[in-house]
Novice: 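The structure follows.
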2 protein chains.
Amino acid sequence: MRWNPYAAECPTRQLLDRIGDKWAVLVLGLLEPGPQRFNALRRRIEGISQKMLTQTLRSLEADGLITRRAFATVPVTVEYQLTPLGRSLNSVLDPLREWAEANMSRVHKAREKRGAVDRK
Amino acid sequence: MRWNPYAAECPTRQLLDRIGDKWAVLVLGLLEPGPQRFNALRRRIEGISQKMLTQTLRSLEADGLITRRAFATVPVTVEYQLTPLGRSLNSVLDPLREWAEANMSRVHKAREKRGAVDRK
DNA sequence: TCCCTTGGTTACCATTAGGTACCTATACCA
DNA sequence: TGGTATAGGTACCTAATGGTAACCAAGGGA
């Protein structure tokens, strides 16, 4: 069965809901080099709240994109790590990140021009 | 200057805000083959409201990703069309769409399993 | 005369996202 | 005894998202 990307239950639409959530892609990117601990992620992502980091990690875990491992140290240590599925998603997100770095300045320029003209 | 993707003003983050808005990517995809009219888009995207389609088109236009042309026919005809920038964005979104079609079933499986086990 | 089409705009309203602040538990160090 | 760090959970509150419904214009057809 061929998917119709414009139907509500389409996978593309669901994926966009997934990665459009402001933090998920950043977390995936940070985990690329290797496992990271909770507070390490928190410190590296500017502006994320504890609540949102927890929420993001939980849902990435629920979706099978990362795994969580807790160690009985004191204080407790928790490591998050990409699954193969998460790594494969990362590999298609990379071109997106590159496009953003290369082209967002043009988007900004277009936006400013519109703002100046102010199409009533 | 090298961008820190984890800083708030980072282009990647801004792009995600852009394409995470539920409808923009679908519109861009539909415009790939060629110019389309307002109601043609509306009919092909299941579930979009007139308000959201207008809003989406306006902001894609403001960002320089599509152009709008109105013809003084009766009733008035309006055509939307990708700019070169929009086409280049589409080319990096394609792998994403393919990933979604190939892998969202795994994500769903992972999600169901979690739901069944119900951690805690 | 009223309704149809095109392509919108606007007001209103409910849901959600996401922030802050405070709570937990454990064990270290001074 | 109190303060540190670890990794969270939870209540509360506000701002933004996005839906519905009603309105606009212009002209054609019954």
Side-chain angles (χ1 to χ4, degrees), chain A residues 6-10 13-14 16-27 30-31 35-63 66-81 114 118-120, chain B residues 6-10 13-14 16-27 30-31 35-63 66-81 114 118-120:
Chain A
Y6 307 104
E9 354 63 49
C10 154
R13 208 137 129 185
Q14 294 167 5
L16 289 172
D17 283 353
R18 189 74 204 69
I19 65 170
D21 80 344
K22 189 176 183 181
W23 302 117
V25 171
L26 301 180
V27 170
L30 278 179
L31 291 179
Q36 299 281 327
R37 297 174 52 184
F38 185 88
N39 276 326
L41 292 171
R42 185 145 109 99
R43 277 187 288 263
R44 292 188 56 187
I45 304 180
E46 189 179 292
I48 196 169
S49 65
Q50 192 172 39
K51 173 185 163 183
M52 287 315 297
L53 182 52
T54 300
Q55 210 170 97
T56 302
L57 290 168
R58 289 283 170 279
S59 74
L60 287 175
E61 190 195 2
D63 288 356
I66 66 174
T67 54
R68 189 192 115 111
R69 278 191 307 163
F71 302 95
T73 54
V74 159
V76 60
T77 301
V78 179
E79 258 186 19
Y80 294 92
Q81 162 168 220
R114 279 288 156 197
D118 199 286
R119 61 168 7 236
K120 167 53 167 323
Chain B
Y6 307 104
E9 353 65 49
C10 155
R13 209 137 130 184
Q14 294 167 4
L16 289 171
D17 283 352
R18 189 77 204 67
I19 65 171
D21 79 345
K22 190 176 183 182
W23 303 116
V25 171
L26 301 180
V27 170
L30 278 179
L31 292 179
Q36 299 282 326
R37 297 175 52 184
F38 184 87
N39 277 326
L41 293 170
R42 185 145 109 99
R43 277 187 286 265
R44 292 188 56 188
I45 304 179
E46 189 179 293
I48 196 169
S49 65
Q50 191 172 39
K51 172 185 163 183
M52 286 316 297
L53 181 53
T54 301
Q55 209 171 97
T56 302
L57 290 167
R58 289 281 170 280
S59 74
L60 287 175
E61 189 194 3
D63 287 356
I66 66 174
T67 54
R68 187 192 115 113
R69 279 190 307 163
F71 303 94
T73 54
V74 158
V76 59
T77 301
V78 180
E79 256 186 19
Y80 294 93
Q81 160 167 220
R114 280 288 157 197
D118 200 286
R119 60 162 16 233
K120 158 40 182 347

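The structure presented is a predicted model; accordingly, all values stated were derived computationally and were not measured. Just so we're on the same page: letters track the sequence lines, and every chain starts at 1. Atom set for the values below is all heavy atoms of this structure, side chains included, hydrogens, waters and symmetry mates excluded.
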Novice: With a 4.0 Å limit, can you tell me whether A:R58 has a side-chain N or O closer than that to the phosphate oxygens OP1/OP2 of D:dG8?
Specialist: yes

Novice: Would you say the side chain of A:L31 lies within less than 4.5 Å of the side chain of A:L41, judging by non-hydrogen atoms?
Specialist: yes

Novice: If every non-hydrogen atom of A:L57 is compared with every non-hydrogen atom of A:F38, which pair is closest and at what distance?
Specialist: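 Minimum heavy-atom separation between A:L57 and A:F38: CD1-CD1, 3.7 Å.
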
Novice: In whole angstrom, what separates B:L53's CG from C:dG8's C1'?
Specialist: 10 Å

Novice: Show me the protein contacts with nucleotides 19-22 of chain C, counting only N or O atoms at under 3.5 Å.
Specialist:
| residue | atom | partner | partner atom | Å |
| --- | --- | --- | --- | --- |
| C:dG19 | OP2 | A:S49 | OG | 3.3 |
| C:dG19 | N7 | A:K51 | NZ | 3.1 |
| C:dG19 | O6 | A:K51 | NZ | 2.2 |

Novice: Are the side chains of B:Y80 and B:L60 in touch, meaning some heavy atoms are under 4.5 Å apart?
Specialist: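 No - every pair of side-chain heavy atoms lies 4.5 Å or more apart.
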
Novice: What's B:F71 touching, base or sugar-phosphate or nothing? Going by heavy atoms closer than 4.0 Å.
Specialist: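 Nothing, no heavy atom under 4.0 Å.
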
Novice: For A:A70, check side chain to side chain contact (heavy atoms under 4.5 Å, CB included) against everything at least two apart and list the hits.
Specialist: A:R68, A:V78

Novice: Whole Å only: how far is the CD atom of A:E46 from the C1' atom of C:dG18?
Specialist: 17 Å

Novice: Ignoring backbone atoms, test whether B:R42 places a side-chain nitrogen or oxygen under 4.0 Å from the OP1 or OP2 oxygen of C:dT5.
Specialist: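 False: B:R42 side-chain N/O out of range (4.0 Å or more) of C:dT5 OP1/OP2.
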
Novice: Using side chain to side chain donor-acceptor pair (under 3.5 Å) as the criterion, list what pairs up with B:T56, not counting sequence neighbours.
Specialist: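 Testing B:T56 for side chain to side chain donor-acceptor pair (under 3.5 Å), a comparison that skips the adjacent residues, returns none.
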
Novice: Taking N or O atoms only and anything under 3.5 Å, show me the protein contacts with nucleotides 13-15 of chain D, one pair per line.
Specialist:
none

Novice: Between atom CH2 of A:W23 and atom OG of A:S59, what is the distance when rounded to the nearest 0.5 Å?
Specialist: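 The distance works out to 13.5 Å.
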
Novice: What is the separation between atom CG on B:L57 and atom P on C:dT9, rounded to the nearest whole Å?
Specialist: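 In whole Å, C:dT9 P and B:L57 CG are 10 Å from each other.
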
Novice: What is the distance, to the nearest angstrom, from the CG atom on A:D21 to the P atom on D:dA16?
Specialist: 19 Å

Novice: Starting from P on C:dT6, measure out to CD on B:Q36 and report it in whole angstrom.
Specialist: 14 Å

Novice: Measure the CG-CD distance between B:L26 and B:E46 for me, rounded to the nearest 0.5 Å.
Specialist: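 It is 11.0 Å, given to the nearest 0.5 Å.
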
Novice: Roughly how far apart are B:I66 CD1 and B:R58 CZ, rounded to 0.5 Å?
Specialist: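 Separation between the atoms: 8.5 Å.
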
Novice: What bend angle does the helix from C:dT1-D:dA30 to C:dA30-D:dT1 show across its length, from five-pair end axes and to the nearest 10 degrees?
Specialist: 30°

Novice: Under the side chain to side chain donor-acceptor pair (under 3.5 Å) rule, collect the residues that match up with B:E79, sequence neighbours excluded.
Specialist: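 Testing B:E79 for side chain to side chain donor-acceptor pair (under 3.5 Å), a comparison that skips the adjacent residues, returns B:R69.
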
Novice: Can you name the residues that form a side chain to side chain donor-acceptor pair (under 3.5 Å) with B:T77, not counting sequence neighbours?
Specialist: B:T73

Novice: If only side-chain N and O atoms of A:N39 are considered, is one of them under 4.0 Å from the OP1 or OP2 phosphate oxygen of D:dA7?
Specialist: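 Affirmative; the distance criterion is met.
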
Novice: Over how many whole Å does the gap from B:R37 atom CZ to C:dT6 atom P extend?
Specialist: 7 Å

Novice: Nearest 0.5 angstrom please: A:R42 CZ to A:Q36 CD, how far?
Specialist: 15.0 Å

Novice: Could you go step by step and tell me if B:V27 and B:L53 meet the side chain to side chain contact (heavy atoms under 4.5 Å, CB included) rule?
Specialist: CA-CA 9 Å; B:V27 170; B:L53 181 53; 4.1 Å; yes

Novice: Starting at atom CZ of B:F38, determine the distance to atom P of C:dT5, rounded to an integer number of angstrom.
Specialist: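 One finds 15 Å between P of C:dT5 and CZ of B:F38, rounded.
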
Novice: Please figure out whether B:R43 or B:Q55 has its closest DNA chain C nucleotide nearer the 5' end.
Specialist: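 Whichever sits nearer the 5' end wins; that is B:R43.
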
Novice: Using whole Å, what does the distance between atom P of nucleotide D:dT6 and atom CD of A:E79 come to?
Specialist: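 These atoms are roughly 14 Å apart.
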
Novice: Enter the distance from A:Q14:CD to A:I19:CD1 here, rounded to the nearest 0.5 Å.
Specialist: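 The distance works out to 13.0 Å.
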
Novice: For nucleotides 25-30 of chain C, read 5' to 3', which letter fits each nucleotide if B means a protein heavy atom sits under 4.0 Å from the base, S means only the sugar-phosphate is that close, and - means neither?
Specialist: --S---

Novice: Can you sort out the partners of B:D17 under side chain to side chain donor-acceptor pair (under 3.5 Å), two or more places apart, ordered by chain and number?
Specialist: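 Per chain and number, B:D17 pairs via side chain to side chain donor-acceptor pair (under 3.5 Å) with no residue.
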
